[in-house]
Each structure stands twice: as C-alpha cells, then as structure tokens.
Amino acid sequence: MGEYQHPLFFEAKDLTDREKEKVRRHFQKKRDSGGGDCGMIEKAEGNAYKICFKEKEDQERVLQRKFHTISLPCREVGLQVSRTISPQTTDQPSSSHSQTFTKANTKGLEKIFKLDIFLLYFLRDNQKANKVLQKQLSAIGCTVELDFVEEEAVVRGDIEKGPGGAFGTAEKWEIQVDRVFIGLTESYLCYNVVEQKEVQILLQDPSFVTDDIKVYRESGYVVVVGEVEAVNERISILEKSLPTRKELPIAEKRFKLVEEEFSREMRAHCPEVKIHIGRAMITLEGPDMEVQSGAKKLDELIKKVKEKRVKLCAALMDFITSSDVISKYEARFQLSLRSPVSLEAGSDLVLSSLSSDALDEAEAAMQRDLTVDDVPLQGAAAVPPDLDIVKDILNKAKNKGNSPELRVDVSFIPEVGGTATAKVRLVGYSQNVNKLKEVLHDYQMNQVETQEMLNLPHPELVDCFHKFVSLIGMKQTKVTLKTSPFPHPCVLVSGPRCLVQETQQALISALASLMSDTLVLDGPGAQQYFQSKGRVVKELVESSCQVIIREQQSVDSQIVETKPRSISSPSTSLFPSSTSLFASSTMSLAPQPISRLLSSTVGSIAVNQTSLEIRLGSLVDEQVNVLVVPMLNGQLTSTKIGECLLSKVGNAFKSKFDSMAANGILVPGDVLQVGAPPSLGCTKLFFVECLPWDGVRGRSVQVLSDGLRRCLDLCVQQGLCSVAFPVIGPGIALKYPLREAIQVLTDNIRQFGLTASSGSLSTIHIVIKPDYPDSEECYHEVHRHLSLNMNQGGQAIFRSLTSDLDDITMTVGGGAKLQLVFGDITNETTDAVVNTTDFIDFQNDGVCKDILTAAGPAVEAELRAAQRIRGDVFVSQSGLLPCSAIFHVCGEKNIVLIEQLVRRIIGRCETSKFKSVAIPAICAGVGGLDSGVVAGAILRGVMAATSSTPLQYLINIRIVLMKMKVFLAFKEEAMQKFPTAVIKRVPVPQPPRVQQQPPLSKSADLRILFTSSASQQSVFWFLGLSRKDVDDAMTKLIDLYHAQCSTKTFEKDDLAGLTQDNMKDLKQLVDTEGLYIQKDQSGRGTLTVSGLKDGVNMVVLMINASLHGSLRREVRVREEEDLFARVTWCLLGHGGNWERLPKTANHNLENNDVAGGIVDAQSVQWSVDLQGIYRSRLTGQTAKLKGLEHLSDFSFPLYWDNMAASEAFKKVPLQRSSAEYQTVKKAFERTVQKTVMKIERLQNVHLRRVYEAQKQHISDKNKHQGGARERLLYHGTSQDNCDSIMKTGFNRSFSGQNATSFGHGTYFAVDASYSAHPTYSKPAADGSQLMFVVRVLTGVYTLGQSSMRLPPNRSDQHSSDRYDSVVDNLANPSMYIVFHDNQAYPDYLITFK
C-alpha cells in the first residue's frame, strides 16, 4: 500500500475510470468530504471499492460524515463508507447536479441549489458569469442569492410576476429554474489540481488567472474554475509543462562523439533540461517539450555518426585488443582532431565519428603507427641451436621495448609440414617493430648461412656450369654452387653470408667478361655427326681453344630470333640460307593431300572422302561441327527449326544472334555464321536466308541452292569436319513441295561430291524428324536420291551412305544370325514369312493385308477356312510370294503369348528344315501395342528358343519392320540386349595394299620432299673468355664438318620414275641422315642433295633403283586407259547400286590378275572369286561383280546386263530378291495398293543413246538452273502400245488419246497411282495391267495449256530458248508433259494386278 495505509470501503455499481477519478477528487476535497490526500480507487470484490488515505485524521473525518452524495457526469450517486466491506443499506437522494430544496407559499416560490463552493466563488468574482445568471433568472421573474456559508444558491420567484402574468403551477416554475442551473453546472468546470508540481506551476504562473478563469487555493491543492472548454485547454497546457524524464539507450562511448555539440544545442535551446550520462543510458529531465526536443536532437546527431571499417590482419587485431591502443588513440584523437573518434575492435577495427575527414585522418594514423611484419629466417637461424639464440635476442629486445607499456609482440611461424621455423612475426607500433627488425637483421647478416640467386645470361650455362667454373679457374670454398632452370636460368650460391657475397661478386665479374656466339649449319646432319663419330674431335676443339661448345636443339629457321652465323661450303655453296628455301617451298606447295594428287594424274575422277549419313532425330541434338538452319528475313524463330533451336539454347543466344544479324544486310541466299553455345553439340551455326516457295521458275529454288552450296564451301574453307542439314523447305514457313526440297538438297550434295576435293569435310548428316506425317516418305526419297548420286561415270564420288535405319545383325544361340531390317516383308526371300492376323478381318491396313495382297487370293481363301487354335502357328502355301511357306499367328495383344509364338515359329522352322524366316512386329501396328514392349517380347522369344535347344537348320532370323518408329524402338531394345550388335554400314576404307602405282606429279613430289627436309638446322653455341677463342673454335668446327660432306645433283629425267612409295622412302632417308635438298632455280628441274657422305650415297642408290621400274609403269598406264574405254568391271554396292571399279582393278579383272585382290573406288581391298562372279571383302561379306563390254559408239549404263553387238533391244526380268527389284517395287507401292507380278528392265541401245545425248544438251543449256533434272515418272499403257514404246520410244504424235489438258505432248505422272487408273493402264483379259517407269528430263518447266504443241519461250529476246517441259501445277506438280520424244526413256515395265 505504500504511503496510503488508511483504507475505507464503499459500494457502487460499475464505475468507469472517469467516474472513479471523480469520486477520488471528491474524497480529496476536505470541504466536500472531510478527506485529504488519498490514493487511486481500487476494486475490492463484487461491487465493493477501496480508497486509502495518507493521514489517519482524513480517514476519520470522512467516516464521521458517513454518507456522501457525488455528482457524476451522467448520474448522481450516494455512497456510504465504512472501515470494512459491507452491503450498502441506504441510498442518498439526488437531483440533477445539485441537491435542491423547494419551498412554496401563496405568493412566491423558493428553491435552494447546493453548488460547489468554488463555483459560488467564481460567480461572485466573475461579473460576466454573474450577470448571465441574473439575466437568465430575471427572464422568468426570479432572483438568486449566493450563500457561501451553506454553500448554496437560493432562488426566489413570484408566481404572479412570471411571464404572461403568472408562472402557472409551481411545477412549471421549478422546471424552468432547473434548466437554468443545469446549464450553469454544464457550462462551468471546477477542476481540482492535487499534484504538487502542478499546484506549484499554477501558483507561480500568473498567466493562468484571467477574467474567464479563476484559480482558488485550498490547503494542499488548488481549484481551477471557468468555462469547460477554457479550463480543459489550460489544464492540457499545464500537464504538458510538467517536468518529465526520458531515458535514451545510447552507449556512453557513442555519446562522447556528440556530447560537445549536443550540450551546446541544449544550452542554447533547452536550458532547463538536465542531462544524466550512464554507461549505456542517457537520461534527459526537464519540461516535457524541451525534453522531447532534446531527445530528437540527440537522435539526429547519433544518426550523423559515420563508421569506417578498417580490415587489419588477425595478428594486429589481437595486439590492439590486448594493449591500450584504443584508449590511447581515442584520447589522442580527442585532442588533435576537430571531431572525436571512437575505436572498437571486433572482426575489424571500427572507427566512428561525426566527421569523414576525422575518420580518414584516424585511419591514416593507425595504419602509419601500427604494423605487422613477417621476417623470414635464413639458413641455420631457422633451426636449433641458432634458432634458440635468435629467440633469446628478440625476447630481450621485446621486453625492453615494452617497458612500461605493451608496444610490440614477437611470435615464430614454422614451415608448413616442416620442423624449421620459417618466419618471425613482429606486431606492434611501427617504431618498435623496426627496432626489432634491425636486431634480427644484424644477427642474420653477420652469423647465419644464406643463399643467393644469381641470374645466368645464357640458358645453356645451366647444364655446363661446372665447365664454366673450371674455365675461369674458381677455387673451391665452403660455398656451394647449384644451377636451376626455374623460374629462370640461375645459379644458387649457398654458404656463410660473408663468403656468399664474395663468391657472388667473383661470378658476376666472370660472367660479364664472357663472349658467346651461335653457329648454324643447314640441315640436322652436323649435329648427328658431332654427337656420334665427331664427338671426340669436338672435345679436342673445346680443350685447345678454351671454349665450351653446346649442341642446341634443331629449330625451324623461321622462328630463330637471334642472328646466328649461317655457314655455306667455301667452294660449291652447298648450304645456302635455309630461310629463303623454306619460304619458297611453302609458297609453292599445293594444299592437297597426296591421295588427291595421285588420282588426278591417272585421268579418273577424284575420290571424295566424304561420308553421307541419314539421321533420324532433332537437328539440335546432332554432334557435328556445324548445324545448318533456315530462316526468313533474318529472324531466328521464323521457322520451326529456329523455334526448336531457341528452346534448346535460351534467350541469351537470341540476343547474340540478333546483334550479329543487325551488323549487316542479309540478302536471300546469304549465310550468317554464329558461334554455337555450350548447350549444343556443335561449334558453329550456319543460318541460310531463304525465300518462301514461288514455283520452279521463281527465285526460291535458286536462293536455297546458293545457300546450301555456300554452307558446304564454308565448311571446306574453314577446315570443318562435319555438318548436319535438315530437309529445308517443306514446312509451314517455306511451303516447298517435299520432293522439290529433297531434289534441291541432294543435287547440291551431288555437285559437292563432284568437286576436286572435299577438304577436311568427312561427314555430311541429313537429319529427318521421325514424328512427322511424311517422315517415312521423306526418308525413302532422300535415300533414293543419295543412292543414285553415289557414283558418277562409274566412279564413286562419296565414301559411303549410311542411315539410322540400316540393318542390325546380332548372333544368338547356335551361331544363328538375328537381323533387324527396315523394309517391306512382302519383298523378303526367306524360306518362311510370318503373317500376323486375327483370322477374321483381312482388309484392315497392315501386315496381313499386304501379305495376302502379294500372295494372292488362294492364300486368303486357305486362311479363311482355317481352324485357329490359340497360341498355335497355322502354315499355308506361299502363293505368289518368293518363299516356301507362310506362318500365320494371332498375338491377341498379349505379350506373354507373343513371346510363346516366337518360340513356336522358330521350332516350326527347325521341323520344316527352313534356313531363314522373316517375322513382323506382331501386334505393334494395327494391334496397337507399344513398339518397345513388343520388341522386348519378340527378342526374348528368339533368345529363349535359340538358347534352349541347339539349332540344326535355321541360320538367319530376320525381323522385318515397315514403320520408322517401330524400327527405332526395336533397335533401342536390341542394343540393350545385344551389346555386341553390329550395324550394317559400309566399312571404313583401308589403304590399298597394291604393288604397282603410277608416278607422281614431279612438282608435287619435290615440294613434299622440301617441306620435310629443309625445315631444320644444326645449331651450335660457343662460350669463351675472349672473342678470338670463340672465332678459332667456330672455324675449326666448320672445317671438320665440311671434310665429312659431299654433294650430288640429279637431272630431271632421273626423278621422273619416282613413285609415292619411293618418295616416302626418300623422305625417311633425308630425315634420318640429316640431308639437305636444294631445287634448281633455273627451271631445269634438277635436284641437289647435300650432307654427310654416307647419306648422299644412299640417296644415289635409291634414285637409280627407281629408274628401272619407270618404263614398266608407263606401259601399264597406257594399257589400263585403253581397256577402261572398252570394258567396264563394276560391283553391286551398298544400296543396290552398281559401282565402276578403278582402272587398275578393271585391268586386273579383265586379265585374271586377281591373286593379290583388287582395290575399289573407296580404296577398300577385296579378294575375288571369278568362278561365281562374286567377290568377298576382307570382312567376309560378299558383293556381286560383272563386266560390261561396251559398243564402239555406246557405253552401257552400269546397271544394264551385257548385250551382243548385233543386239539392239533386250528385256531383262528382275529377280524378286534383287535390290533393283525392291527399289522399283517400293516406289510403285507407295501410292498403289495392287500386287506387282513382275518387273522387267528395258535395254534399248538406240533409245538410250539419243536420250543421253538429249540429257547432255539440256544439262549444258541449264547448267545454272539445275541441269537436266532427270526424274523417274510413270506412264500407264496397254498391251497394244507396249511393244511399240519399248522398241521405238514415246511418240507425241499420239497425244490426245487420253487427254491434252496441258498441251499436245507425252504425259508422265509423279505418282504411280495416277497411271494405274484403267483409263491409262488398260487391263488385259486376265485383269493384269502395264506401267512404264520412265526416265524423264524435266529441266526447267512452266505451266502447260491445252493449246500448246511446243513449250513456250522463256523470254521474248530469245525465241529459240524454250522451256524443257510443262506441268499441271507449278507449286506442286503431279504431271509432267514433254514435247520431244528423246526426253523420255522407258526404263522398266511393271506388270501388276
């Protein structure tokens, strides 16, 4: 309870805080309640409240009155006080704000109002308030008398003198009087001020008393009376002017920074505020407003304090914290700087001040005055016992410096991983640190062993420094000398310091007096001699001339930076400057590989070393040097390929692309080169600026062709090895017809293959996305065009053609071959063919329909009548298929059943003694099962069947897959199950191992020889004590070398018979013997060989031996060329194309000289079996051979069979198993769903001769517009017309028999389905139909019209220059019409049904 220890209790209902304060003030007023100083009202329990008085007398006086009536803002309460909590039994009567009593008589009324005595005083003292009250009462005929003794106001009134003559009843009069006094008590406020500080301010400040506000003093408190608003305003001012105390959490150290300025501000603006400074708290005490203002000012000053962190090493920070550095410097900065600076040590040294300049000055002082220095200990001083002496000396010096305060500290730092002490660390005031450094330096200078490094002026001295020491006659001492090439040529001088310095000075003097020179002898032979036979004489020269001679490594003459002496023979100038010879040979050397030079001399087409690969996937995933990307208007995302690229590389690459595209103007056909980001598998991107398709006559085709050609040329120019092309054009942006886009791409690749050299470009990828609707058609077209382009004139122009759909071969149990084949199962020639069917519906597209259509109606009838047993294999006849039997199975879309069926298929083959079987992807097509799942089941079935029981008969299991995605799924599964699977690709060519070669081009051979022989020199370095010693030694060495040399000159005719092998042997001899070769500059073609005698004699013997074989080779070359014009030997290569063999192989085969094998155009060696006209590769694979004997005026196409001289026409039936048959059949069945009965090749010498002539004519005329553009098209015919066309060709005079919608010419269809219509291919009596596959020279074409009898002119200026053909639709032709009979040759005749 504190000082209020005398409680009283009373009861009241729910007093608010404001009401409690009103009650408390009542008990504080001695006049009202008898009370005095009291505490706050507290709730005791229930409705009981407690109030405690300070004095016992005040408590007793309140109890004497017992009942107290108190006017609250909204009500009047009567309280009964007691010493203890007890129920209140009596309520005091109350009126509106004062206790009233009314007396009435016959003439007048009287009413008494109990008012606050101080309000009565105010009415007395304030005339204005008194007059207002008198006026209000007189208006109702009343007067008032103020009774200060009874503390009441007495109101009297006459009933008869009221307004209107009378008051009426007493009740009405009383109401009017009450209204006046209610207004009076609400208008004025009596405010009790009991706080002594407030009382003191009121009494001392006369401004509080005005005409409208009165202050009355009572014992212990004062009362302020006046109008409510005015009193509240004054009280508010009073409360604000009370002295307050504010504590601010600011560290004393931080306050010191602003103390001076803050004190100055407070003295000027807040003088009454007292400031109390604590360790972590600043207290302001005084008038509230001034205290608040001071606190704000202090906060502003604190915020102006600036900090600066100074990073010092850990050792220096430890010294600062352990010494009195901080206090010392703070005191110093307080006196010397304009603004104080405080210091605080943590991880860094933190400086704080109001002034940036002060911070900079303080930092500079700290950095200047304090330092840490690591002094390395040298030699013996780093290990005991010398180390102990060093420690004792330094500790004594440290203790002396630290008296009377810590000023320096010493520590010793050991070597990393060692036992020795590497450094002494000195930390402290710079002055003291420097003193200790001097102590340590003095010790090490005078007593410790040391090591000095002396740079050597010549790197050669590192290896022969011991000879140099002997040369200058240096005596042995305690000093050790050790040479080292790192970090630069030097000698390490170790020993006592005084002796080291003496030795170092002697060496410096001796090295400065040395003379050195370099002798250069052309060719490396000199070094070889003096390192072997001439070594002893070289050592004699060294000893006699007092010099050192060192052989330097042979160097390229162009990179020798010094100017050595180049020595020549004194008489015949055997050794001219090799520098000029090297430059000459470099400039004249043709940048071609030897193989190119070889092939060009014998008159054949150069073999291009580029391989072609058809890849399935996304272009952006290719791993090549260059990706080729189409674009429109220089926009990266203008094509689908560009969008795919952007999603792979991100927007950062787009910014780079846009920047490079904006640097120049791109015209159609240009190529923009951009470096590839790391996310791609290439180094460069070539963006080709294209045009949308505008027809064959438009610019788009030429623009695309130019861009593709530039890409290939850039690859060769920049030495790139591989490039990937998409099929550019058939997308939604460029809108090319698919076949036109493929034609442009493959034509440019073919033209590139025909060039003299492909340079470094070894691989060209053509990338096809497998998930487009036309992907399979695109693949077949690309493969067909590239297959046709593999050869030109009987010579292979590309190394190989492979694809991701090449056959895959695996070996299973018993040695049987398991093959994955992408193709049509109806073309298989295996013993058994498997058909997948449900035995109900035979017309749904898929394998079943294809097999039954090819096999014929008899097989279908047999299958319809079959009784199917679940899980069994039904065997039927083969019908028209070239197999022995057809196995029919139903997989029921059940993986387990499919695996069982594969086992039973292989078992049935064994029981039937079949050697081969073709199996489709059972249930993966129309069946709807996932291809990967089916692949796993079939492969598991094969593995289980071949591993459980050894196979006796079945040796070849072929899984034939028609769909691209299905093949890829099987391929992925097979590569996992058979890691050793082999993909059938053309083997990498091996160098030919043949004995006879034609001679090389003379200039090319010599340049190759010069490059290998003239690029090195023999260099000797001489070191002596005088110029004369060095010159004498060099002269003696030159004389010794010249005595061992000789020279031989060979005439041009002597060199004519050199072959490639001769050149290799001669090059090796020149390099081994260190010979020097000089070409005659007069143009006579002579060759001079110089060098050591033994080497020159060996060259003479080699060149003489080569002359004997020269004549024989010349005769052989003439024989080969004569035979090559009359006879062509060729082989059936990969993809079914016949390839012409080179001249040497052609000659060997014709003369049966094949014991050592032959070499084809790709430099692959073969062995030959002429009896079966097959040859086997060294890998064991076989390929067919044939020889064609040409007519005197006509050379047969490679794919023809031989014909007699008198035979003008020959019809050759194709074997179903041949690649030629399958290629023609596959192209036909792409659009025709009918059965091919037979295919015949038509060989008409007369028609083919005039066709080839016309082809050459159109090619020459259109050499800048795509050439002759030969296409394989279709022409339906009837039995009546067939024989005439085969023998005499197409005759446009018969045009109009079917239609002349686009001109009076001969019509040919792009798709076989058009020509297969009965209107054009009229069925015979047995239902069979005929169709020609025709080679057509379409050249440059335009849109046809029905009235045309000739193609229109290309331009008005040249009336003789006409289009070569017309079409039905320029954008996407489906029909070509020619008006010249020789522009079409009937190549094949297809009979179908």
Side-chain angles (χ1 to χ4, degrees), residues 4 6-53 55 57-103 110-120 147-155 171 174-175 177-186 188-192 194 218 221 223 225:
Y4 302 102
H6 306 287
L8 291 177
F9 298 90
F10 62 87
E11 288 192 2
K13 290 184 178 180
D14 300 327
L15 294 178
T16 65
D17 291 341
R18 185 178 177 186
E19 290 173 338
K20 289 178 184 177
E21 183 61 26
K22 189 76 172 176
V23 173
R24 176 173 173 268
R25 286 182 179 178
H26 170 79
F27 287 119
Q28 283 179 328
K29 298 176 186 178
K30 185 176 182 180
R31 182 179 299 274
D32 291 347
S33 61
D37 192 5
C38 59
M40 303 298 294
I41 295 177
E42 301 175 4
K43 195 163 188 177
E45 60 179 45
N47 292 330
Y49 291 87
K50 179 176 71 171
I51 185 167
C52 298
F53 293 90
E55 302 295 336
E57 293 79 3
D58 297 337
Q59 178 196 34
E60 293 299 331
R61 282 197 301 271
V62 172
L63 276 172
Q64 289 174 2
R65 295 193 180 186
K66 196 172 183 179
F67 294 102
H68 298 267
T69 300
I70 305 173
S71 297
L72 300 179
C74 298
R75 58 178 171 147
E76 192 172 80
V77 296
L79 304 179
Q80 180 180 348
V81 296
S82 62
R83 294 183 188 275
T84 58
I85 300 175
S86 59
Q88 183 172 330
T89 58
T90 306
D91 288 336
Q92 295 292 319
S94 63
S95 64
S96 63
H97 284 278
S98 57
Q99 192 172 355
T100 60
F101 304 94
T102 306
K103 298 178 181 179
E110 182 180 286
K111 186 166 186 176
I112 299 172
F113 291 88
K114 287 289 186 178
L115 297 179
D116 192 311
I117 186 61
F118 297 105
L119 181 56
L120 294 176
D147 187 344
F148 297 98
V149 176
E150 298 297 330
E151 299 181 8
E152 59 188 20
V154 181
V155 180
E171 290 79 2
E174 187 177 354
I175 289 172
V177 173
D178 285 346
R179 287 176 181 171
V180 173
F181 275 87
I182 289 173
L184 175 67
T185 57
E186 289 179 351
Y188 296 98
L189 174 64
C190 297
Y191 187 86
N192 297 279
V194 295
E218 192 66 38
Y221 67 97
V223 179
V225 185

Please identify each residue that fulfils salt bridge (Lys or Arg N to Asp or Glu O under 4.0 Å) with E60, with sequence neighbours left out.
-> K56, R83

Side chain to side chain donor-acceptor pair (under 3.5 Å) against R179, all qualifying residues, sequence neighbours excluded | none

To the nearest 0.5 Å, tell me how far N192 CG sits from H26 NE2.
-> 11.0 Å

Exam field: side chain T185 to backbone I182, donor-acceptor pair closer than 3.5 Å | yes

Could you list the residues that satisfy salt bridge (Lys or Arg N to Asp or Glu O under 4.0 Å) with K29, not counting sequence neighbours?
-> D32, D116

Return the minimal non-hydrogen interatomic distance between F53 and V62, and the atom names on each side.
-> CZ-CG2, 3.9 Å

Closest approach of E11 to L79 (non-hydrogen atoms, all atoms of both residues) | O-CD2, 3.7 Å

Distance from I51 atom CD1 to R24 atom CZ, nearest 0.5 Å?
-> 7.0 Å

Considering residues at least two apart in sequence or located in another chain, which fulfil the ring pair (Phe, Tyr, Trp, His ring centres under 6.0 Å) criterion with F27?
-> H68

Taking every heavy atom of I112 against every heavy atom of V154, the minimum-distance pair comes out as CG1-CG2, 4.1 Å

Counterpart residues, side chain to side chain donor-acceptor pair (under 3.5 Å), relative to E151 (two or more places apart) | R31

Take L120 and D147 through the test side-chain contact (heavy atoms from CB on, under 4.5 Å) and record every step on the way to the result.
-> CA-CA 8 Å; L120 294 176; D147 187 344; over 6 Å; no

Close side-chain approach of V155 and F181, heavy atoms under 4.5 Å = yes

Residues 12-20 side chain polar contacts: donor-acceptor under 3.5 Å, at least two apart:
| residue | atom | partner | partner atom | Å |
| --- | --- | --- | --- | --- |
| T16 | OG1 | E19 | N | 3.2 |
| E19 | OE1 | T16 | N | 3.0 |
| E19 | OE1 | R75 | NH2 | 3.4 |

Between Q28 and S33 the two heavy atoms that sit nearest each other are N-OG, 4.5 Å

Atom pairs and distances, side-chain donor-acceptor, residues 35-45, under 3.5 Å, sequence neighbours left out:
| residue | atom | partner | partner atom | Å |
| --- | --- | --- | --- | --- |
| D37 | OD1 | Y4 | OH | 3.4 |
| K43 | NZ | G46 | O | 3.4 |

Could you pull out all residues at least two apart from Y191 that satisfy side chain to side chain donor-acceptor pair (under 3.5 Å)?
-> R25

Where do S82 and L63 come nearest, in terms of heavy atoms and distance?
-> CA-CD2, 3.9 Å

